[in-house]
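In what follows, every chain begins at residue 1, and chains take the letters A, B, ... in the order their sequences are listed.
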Amino acid sequence: MPTIPIRFKLNGQQVEAVVEPRLHVIDFLREEYELSSPRVGCEHGVCGACTIRVDGQIVRGCLMLGVQLDGAEVQTLEGLNASSEIADLQKAFHERNSMQCGYCTAGMLLTSQDYLQKNESCSRTGLREHLSGNYCRCTGYEAIIDAVMNVASQRGKKIIQQEEV
Amino acid sequence: MNSPLKPAENQALQQQQWIGASVPRPNGRRLVEGAAIYIDDIQLPRMANIFFLRSPYASARITKIDYHAALSSKGVIAIYTGEDIQRLVAPMVATLAHFVGMKAMPQPCLAVDQVFWQGEPVLAIVADSRRHAEDAALHVTVDYQELPVVVDMETALDPATHVIHPQLGDNLCFTRKVDTENYDQIAAQADLVLERTFRFPRHTGVCLEGRSVIGDFSSGDQKLTIYISHQAPHMIQDCYARLLGLSESAVRVICKDIGGSYGIKTHVYGDELATCAISMDLKRPVKFIADRAESFLSDIHSRDHRVKMRMAFQRDGTLLGIDLEDLLAIGPYSVYPRTSVVEGNQIVNITGQWYSHKAYRATMFNVFTNMGIYSNYRAVGHPVAVGVTEGMIDAAARELKIDPIALRRKNLLKDGAFPCTTPSGAKFESMTHHLCLDQIMQMMDLSKLRQEQSELRKKGIYRGIGIISMIEITNPSALFYGIGGARISAQDGCTVRMDPAGGIVVANGTGEQGQGTETIFAQIAADGIGVHLSNVKVVTGDTDSTPYGGGTWASRGAGVGGEATWQAARALRQNILTLAGVVLERSAQILDIRQDQVVDLNTNEILISLAELGRIAYFRPDTLGSYQAELCVTRHFVPKAFPFTFTNGALACHLEVDVETGFIKLLKFWAVEDCGTILNQQLVDEQMRGGLVQGIGPTLYEQCLYDERGQMLNGNMADYLVPMAFEMPDIEIGHVHNPTKTTELGAKGAGEAGTAGAPGAIMNALNDALQPFAVEMFDMPFTPDKVLRSLGKI
Amino acid sequence: MKAAEFAYEVPKSIQDAFVLKQSYGEHAQFLAGGQSLIPAMNMRLNMTECLIDLGRIPALKEIQLQDRQLQIGAMVTHEQIANSALVKEYAPLLIQASRYLAHTAIRNRGTFGGSIALADPAAEWPAACLLLEAQINILTQSGFQRVVAKDFFQGLYTTSLGSNDLLESILIPVQAKEEKSVVIELARRQGDYALAGIMARGSIVSGKLHNLGLVFFGISDRPIRLVNLEAQIMSVFSGEFNEALQKIIQSSLDQIDIRGDLYTTEKAKRHLCAVLVKRVLAQFI
């Protein structure tokens with residue numbers, strides 16, 4: 001099967017590659033660029049471990065094909081780390097022990113940042129809803145919620161205490 | 001029995017700066033930066049990848065395997081059948097001598113002639129990439145002749161039922177009975193004999209990182225390096241060496257970051273072992289990563305019980321006796337090397353034992369089926385033992401019309417009644433059930449919840465409160481496995497050394513899977529010696545670099561691994577002080593180490609830095625006269641005083657049942673845990689929370705669903721329901737501190753209590769909510785469908 | 001779980017896409033959002049030889065208001081709909097339904113057209129289309145076709161789409177201002193497919209219920225609308241839920257083909273449908 005040439009921006013750097021169409025974004029990024037933070041957990045889009053950012057939006061990397069990245073701007077945790085965009089979140093996670101085995105952490109950080117970027121008013125319930133597509137087996141989720149709500153306060157968001165859904 | 005705490009040690013623990021502090025994990029930083037290294041992140045030169053073609057049938061004869069065409073498929077390096085692997089690997093027989101009468105067949109890595117469960121590996125395809133190996137599989141033909149299937153535990157032992165392994169005679173793997181031989185007599189005199197049947201579903205771990213291994217055989221060195229996501233590296237070293245025909249020292253096991261384990265990764269799996277055998281055969285590294293589909297089918301499953309429970313009471317609520325029969329369904333093999341019978345064995349040993357009673361009879365039947373292979377998973381047996389006990393206590397409270405807390409108060413072992421040996425033979429050192437109940441009730445404000453419950457019932461809103469008391473096995477001695485012939489170490493070793501620049505390195509045979517093991521070892525060593533936490537480096541997960549250890553399981557990391565660390569640290573401290581005494585020409589008795597400096601014990605005057613001592617010891621020993629400095633110390637520790645150190649606690653659940661839809665909403669949880677000396681409270685709390693949510697899973701959501709042909713119906717993340725963030729409640733944690741006197745640190749384990757207690761707490765809360773309808777539910781998971789049926793709505 | 005090999009085409013216009021599909025025939029499939037198709041490819045449940053990616057065709061990504069109809073391009077994502085001011089104004093039911101729909105990362109890629117074409121009986125958009133009496137615009141070999149929703153959804157993952165047809169857009173009649181719409185979905189976990197769900201619309205005028213529409217989803221092989229039940233309820237409904245109403249609902253539900261799933265029996269789903277109607281009507285009181 002023919003491979004397809006693509007050009008895109010990866011963590012701020014312009015790159016070129018030739019991709020087999022069947023490779024999903026995670027396998028492509030891991031193999032071609034030896035990135036380790038994009039990772040697979042289920043390869044059917046349910047667990048959220050593969051969450052990365054494409055053109056500013058969080059997506060399931062396992063449900064996108066590498067070839068679809070042509071012309072896109074991709075950010076993985078490596079990139080966010082380098083730019084310090086989520087330094088406050090990372091610090092809050094670390095201090096609150098919001099990560100145990102760490103496997104879900106990249107997805108949790110990116111999805112949490114997405115929640116904070118989209119909401120001027122934040123609540124534990126709203127945050128839990130936003131994170132409802134990210135599986136964690138170790139923490140039981142509460143420490144993650146604590147850390148992100150803490151950062152929400154720090155960033156000057158309005159905190160809604162009780163929310164009945 | 002270890003001697004009681006020496007005065008100097010006692011003082012040291014009281015001066016602690018790090019032990020007890022909720023310090024963030026030093027190794028946590030790389031996790032939030034995306035710099036963790038899991039096995040799949042490792043690339044080695046010439047590394048091949050492996051794909052296992054697995055049986056689609058639960059029970060069948062393999063009549064033909066034709067892989068000829070696949071050999072020329074792009075990227076294929078080699079293909080192995082079960083027979084091929086049999087020539088490279090000795091069979092695994094997972095029986096242990098202390099499980100008397102247990103029987104099991106040798107398990108091959110890949111099926112030979114016959115398959116016994118859906119997902120059993122049949123063919124190994126080795127290629128340059130996983131996708132090429134999967135492509136090659138399209139050119140493989142495997143023909144099967146289906147055989148009868150056994151999936152129903154209730155009929156597994158019927159004479160008419162197909163016997164899975166005719167050589168064993170029947171489908172019984174193991175049966176055991178504990179009997180004080182007076183239950184019938186006691187029950188005859190009881191005012192009430194309560195009988196209920198409980199069901200706990202078969203479920204699995206769903207570790208986010210699939211099982212992962214790289215076998216890397218170096219033909220030049222004739223050595224095998226195994227990179228594996230696993231909780232017990234030394235056990236892997238021992239098992240793999242023996243099964244692969246290598247000497248123990250020819251095998252090195254390395255663990256990196258582990259993406260979740262919870263007991264799933266404490267076993268020897270045929271596919272992982274085969275991967276290493278193939279590496280030896282091909283003389284190149286071979287990697288196997290279990291994907292999600294094969295994880296559901298081939299990771300060990302657990303629980304799957306039907307328990308018939310009876311409790312005899314006097315009218316005033318005094319518990320007289322307990323009688324139970326536990327039937328559980330394992331797979332077609334006993335899993336190596338821990339066996340598949342420990343779960344049931346725990347139930348027979350500990351059910352109800354935290355209550356005072358005179359008569360105890362517990363029988364367990366562990367039967368083979370053609371469902372997935374089965375073994376130990378977080379809290380082994382405890383969710384069932386605690387669940388049935390606490391479910392019965394509440395049921396008795398309802399029947400006797402006694403408040404459930406009062407009934408517990410009446411019968412729970414008194415806080416001062418220890419040490420004791422229970423009717424089942426369990427030896428308890430010391431417990432604090434009443435203190436834990438006191439505390440949890442304070443935390444919950446129970447009377448307010450009851451008032452609210454009563455008011456809401458008038459509006460047709462049904463909330464329930466469930467409280468449980470529980471115990472948990474931690475810090476196991478050699479009586480857990482070693483006594484049965486298993487080469488699974490109950491001891492741990494720790495080497496602590498001071499390097500020339502004054503830095504401390506701790507190497508411990510027990511390692512990290514995210515619970516914080518490395519952090520607490522650093523905290524212990526820091527206080528044990530007298531240094532700042534940032535000056536302690538911890539090395540774990542490498543059999544070449546650490547003393548021989550047991551690994552993490554049965555919540556032993558803090559209590560056993562931690563104790564070895566403490567003792568080694570104290571010994572190193574002593575050696576540093578002796579050296580300092582020589583250098584300073586003072587008595588070591590009046591010196592101390594504080595904040596990386598040697599100081600005068602009484603005046604606190606800084607006398608010399610550790611860095612300076614290091615320089616002298618390593619580079620200027622000519623100045624030390626005849627004295628030889630020893631700045632590297634190893635200590636080993638194994639629990640001996642008791643077979644296990646039991647912890648205890650209380651859990652409570654508040655929930656709401658929508659009686660029209662059958663949906664259950666969890667409102668809040670409370671947990672009070674007594675794990676003795678707490679090394680890092682944040683880490684303990686997070687183990688409680690994570691464990692508790694894991695226990696919520698099978699109580700409300702998780703179940704491995706099988707049809708009558710042994711096909712798993714829900715082996716994917718969409719259909720197998722794990723708890724996600726939105727439905728989970730906040731959990732408030734409290735602590736009671738009752739250190740064990742069997743170690744200097746006094747620490748007990750904490751990793752599994754949440755998982756053990758959650759099912760019972762939810763079940764009791766559910767039945768409390770449904771009390772106005774005179775309905776009881778004991779069949780988990782509690783799905784909306786089941787709730788509606790119990791309520792007679794359908 | 002690595003996909004088998006396949007070829008990849010990325011046309012830049014609707015016409016190009018259509019022509020490509022004609023030439024590949026059954027050897028190619030359209031790739032919309034990929035949130036259902038790519039898992040199937042990864043699991044090798046689908047081994048199609050070529051994917052034609054519709055993701056670079058701007059004409060398919062628009063939401064427009066035209067003649068009292070909202071036109072939603074097939075490649076409009078779930079998230080775009082959830083955030084669209086036009087949709088909020090003219091078809092608020094879609095916003096209400098989007099609350100239950102998967103999770104943000106999925107919604108950023110999954111498409112309205114893809115969901116309609118897949119016709120999962122437990123999905124939200126097919127039910128919404130049925131209730132709102134949407135029309136589906138399809139490009140076929142014999143030209144342009146417009147199919148009403150009730151004719152479009154034919155069964156389990158089955159629609160009126162021919163194998164080489166291209167679903168272009170969906171037309172949704174604007175919801176009346178005085179109309180109220182309600183979506184109640186029961187699912188085990190936030191974002192899961194419906195275990196049982198209902199979408200409803202109607203208006204209260206002088207204490208009487210008008211233009212009631214009820215669609216059930218997650219309970220059969222397709223979303224189900226019970227026009228007779230709607231009529232009966234409207235004639236009987238007086239603002240309170242009584243025995244007579246209960247009987248009418250029960251009897252109507254007994255007629256429909258309800259299918260249980262892995263966890264929830266047909267009996268339970270039938271019961272839940274009745275509960276959902278009751279809860280919907282409570283919102284019209």
Side-chain angles (χ1 to χ4, degrees), chain A residues 1-6 19-27 31 40-72 107 110-115 117-119 125-126 128-135 165, chain C residues 1-10 12 27-28 31-56 75 77-80 82-83 98-111 114 184-185 187-193:
Chain A
M1 290 284 172
T3 51
I4 300 194
I6 61 170
V19 206
E20 243 192 284
R22 63 157 151 183
L23 240 55
H24 58 60
V25 164
I26 303 299
D27 278 351
E31 282 179 36
V40 295
C42 73
E43 286 178 306
H44 45 284
V46 181
C47 75
C50 67
T51 307
I52 56 166
R53 222 192 246 167
V54 177
D55 292 332
Q57 296 185 322
I58 52 169
V59 298
R60 302 286 206 228
C62 74
L63 298 188
M64 263 189 94
L65 304 173
V67 290
Q68 291 182 300
L69 294 181
D70 192 34
L110 265 84
T111 307
S112 298
Q113 175 69 347
D114 189 65
Y115 177 72
Q117 282 177 326
K118 288 185 170 148
N119 291 281
T125 311
R128 280 184 183 273
E129 188 175 337
H130 209 80
L131 289 174
S132 63
N134 289 74
Y135 173 51
V165 181
Chain C
M1 284 172 63
K2 305 300 179 188
E5 289 184 310
F6 55 84
Y8 175 79
E9 302 277 8
V10 55
K12 298 294 189 293
H27 298 286
L31 172 62
Q35 305 302 282
S36 298
L37 182 52
I38 296 182
M41 308 286 294
N42 287 345
M43 292 194 247
R44 297 196 180 212
L45 293 170
N46 184 326
M47 306 261 286
T48 219
E49 294 132 86
C50 174
L51 292 185
I52 301 170
D53 191 344
L54 299 176
R56 307 280 179 160
M75 289 299 286
T77 66
H78 308 316
E79 190 69 3
Q80 269 179 278
N83 294 326
S98 72
R99 253 193 72 207
Y100 296 97
L101 209 165
H103 312 281
T104 306
I106 306 253
R107 290 204 298 264
N108 281 333
R109 298 287 304 171
T111 66
I184 306 175
E185 181 176 324
R188 291 306 311 279
R189 304 170 306 178
Q190 174 67 28
D192 282 355
Y193 281 107

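Formation of a donor-acceptor pair under 3.5 Å by the C:R56 side chain with backbone atoms of A:Q68 is found in this model. For the pair A:D114 (side chain) and A:I58 (backbone), a donor-acceptor distance under 3.5 Å is absent. Counting only distance, with no hydrogens or angles, the side chain of A:N119 and the backbone of A:Y115 share a donor-acceptor pair below 3.5 Å.
No part of C:M41 comes within reach of chain A, as not one of its non-hydrogen atoms sits under 4.5 angstrom from that chain. Of the atoms belonging to C:R107, not a single heavy atom falls under 4.5 Å from chain A. The parts of C:N108 that come within reach of chain A are both its backbone and its side chain, each placing non-hydrogen atoms under 4.5 angstrom from that chain. Residue C:L37 does not touch chain A at all, counting heavy-atom pairs closer than 4.5 Å.
Looking at every heavy atom in both residues, C:Q190 comes nearest to C:R99 through NE2-O, 3.1 Å.
Within the 4.5 Å cutoff, side-chain heavy atoms of A:H24 are placed close to those of A:V40.
Chain A forms more heavy-atom pairs under 4.5 Å with one residue of C:E79, C:K2, C:E49, C:M43 than with any other, namely C:K2. The candidate from C:I106, C:V10, C:L51, C:L31 with the greatest count of non-hydrogen atom pairs under 4.5 Å with chain A is C:I106. Taking A:I52, A:L110, A:T51, A:D70 one by one and counting their heavy-atom pairs under 4.5 Å with chain C, the maximum is reached by A:D70.
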